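Computed from a predicted model, the values in this text were never measured in an experiment. Numbers here are sequence positions counted from 1.
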Amino acid sequence: MLKLDWKRLGITAGLSLTLVAAGCGSSDEGSSDEGESGDSGETNYGEELGYSITGIEAGAGVVAGAEDAVETYDSLEGWEVTTSSSGAMATELGEAIDSEEPIIVTGWTPHWKFAKYDLKYLEDPEGVFGDAEEIRTMVREGLEEDQPEAYQILDQFNWTAEDMEEVMLEIDGGAEPQEAAQNWIADNEEAVNEWTDGTEEVDGNEIELVYVSWDSEIASTNVVAEVMKEQGFDVTITSLDNGPMWETVATGDSDGMVAAWLPATHGDQFEQHEDSLVDLGVNLEGAKVGLVVPDYMDVDSIEDLQPDN
């Protein structure tokens, strides 16, 4: 991702107006800069942001949605979506919030950033990003016959957005993913017992789970892996890009994943591979994707932004 140099941009007059409206400390009154505002007098965040939306990995569904939004909304004419990684996006978001500067990111929930920061989704009147999503579990064909205990644990795995965000927030606070997963498991024995109900311990059976390196999937995959290790499995977890993650499960080169966002985010990959893998159903409900901004920004809808004219 091409990072914006906020220090060089500075805090513009338009941002000062926003901070006054939010009660964030600027005491200057009556300042005005026609170049920073639209006809309605609202801050022109497009100019301040260089008409750029901060994205994650190229090929991610939320990035594709943002690119579709740029094509769909007149208010985003001339904008672009820069891409890099979910970690880089989170770093830029944190730096912007620390300085109370504007930023628009491709966002999704569950994610620890919503527990750490005051954020909001921009309204999407055109429905480019779709409705709420589900995260589903996919496994390779033949897993039920080869590894019935693993199949059953993966089939029974489910949790809530709050559960996932708890693990993600601990990782963001400095814990290793494996450590955060083990801590959550220790505090949630009842849920874990439901996942392993009806299964027997095994003796070193090898299992490989794949995931895309998003904070949400790092959390879920590590939790499932630690539960399976406690049941005697020798578990390998492998981070891949979106396409290869789906392909390795579909070809049987890996055993499964708990990281399938549907119907929108991974819709293309699912359509391509659905006949070559086994869908074990929803493991988390109420996921969401869209454009996300800090709550202090005086904008509520994608339509409220200004094009690069």
Task: Worked check of side-chain contact (heavy atoms from CB on, under 4.5 Å) between Q178 and K229 - done: CA-CA 11 Å; Q178 184 178 19; K229 288 177 184 178; 3.5 Å; yes

How far apart are the C-alpha atoms of W214 and E57, what are their side-chain angles, what is the distance that settles it, and do they pass the side chain to side chain donor-acceptor pair (under 3.5 Å) test?
CA-CA 9 Å; W214 300 341; E57 295 86 356; 3.1 Å; yes

- Is there a path from V282 to L277 through hydrophobic residues (I, L, V, M, F, W, Y) whose side chains come within less than 4.5 Å of each other? no

| query | Is it true that the side chains of Q147 and N205 contain a donor and an acceptor less than 3.5 Å apart? | reply | yes

(message) Using the ring centroid of each side chain, check whether H266 and W108 are separated by less than 6.0 Å.
(response) no

Go through it in stages, so that I can follow the logic: the residues are Y73 and D68, the test is side chain to side chain donor-acceptor pair (under 3.5 Å), and I'd like the CA-CA distance, side-chain angles, deciding distance and then a yes or no.
CA-CA 9 Å; Y73 285 94; D68 287 345; over 6 Å; no

| Tell me, do I53 and T82 make a side-chain contact under 4.5 Å, heavy atoms counted? | no

- Task: State whether a side-chain donor-acceptor pair under 3.5 Å links E133 with T265.
- Result: yes

Exercise for the section: Determine, for D215 against K113, whether the closest basic-nitrogen to carboxylate-oxygen distance falls under 4.0 angstrom. Expected result: no

Residues at least two apart in sequence or cross-chain that pass side-chain contact (heavy atoms from CB on, under 4.5 Å) with A58, listed by chain then number, are T83

Check: Please walk me through it: do S220 and M164 pass side-chain contact (heavy atoms from CB on, under 4.5 Å)?
Finding: CA-CA 7 Å; S220 61; M164 180 184 275; 3.9 Å; yes

* **Under 3.5 Å: donor-acceptor pair, side chain of D197, backbone of N193** => no

side-chain contact (heavy atoms from CB on, under 4.5 Å) filter on L169, not counting sequence neighbours, yields W112, A115, K116

> Do Y211 and T238 have side-chain N/O donor and acceptor atoms under 3.5 Å apart?
Replying inline: no

Side-chain touch I135/E217, heavy atoms, less than 4.5 angstrom = yes

Between M297 and P102, is any pair of side-chain heavy atoms under 4.5 Å apart?
-> yes

| Between W261 and E134, is a side chain to side chain donor-acceptor pair (under 3.5 Å) present by the stated rule, with each step listed? | CA-CA 6 Å; W261 284 62; E134 302 169 336; over 6 Å; no

Is a donor from one side chain sitting under 3.5 angstrom from an acceptor on the other, for T160 and D163? yes

How far apart are the C-alpha atoms of D298 and T43, what are their side-chain angles, what is the distance that settles it, and do they pass the side chain to side chain donor-acceptor pair (under 3.5 Å) test?
CA-CA 7 Å; D298 187 22; T43 303; 5.6 Å; no

Are Y296 and Y117 an aromatic pair, judged by ring center distance below 6.0 Å? no

Result for side-chain hydrogen bond (donor to acceptor under 3.5 Å, both in side chains) between R140 and one of D253, T248, D146 points to D146

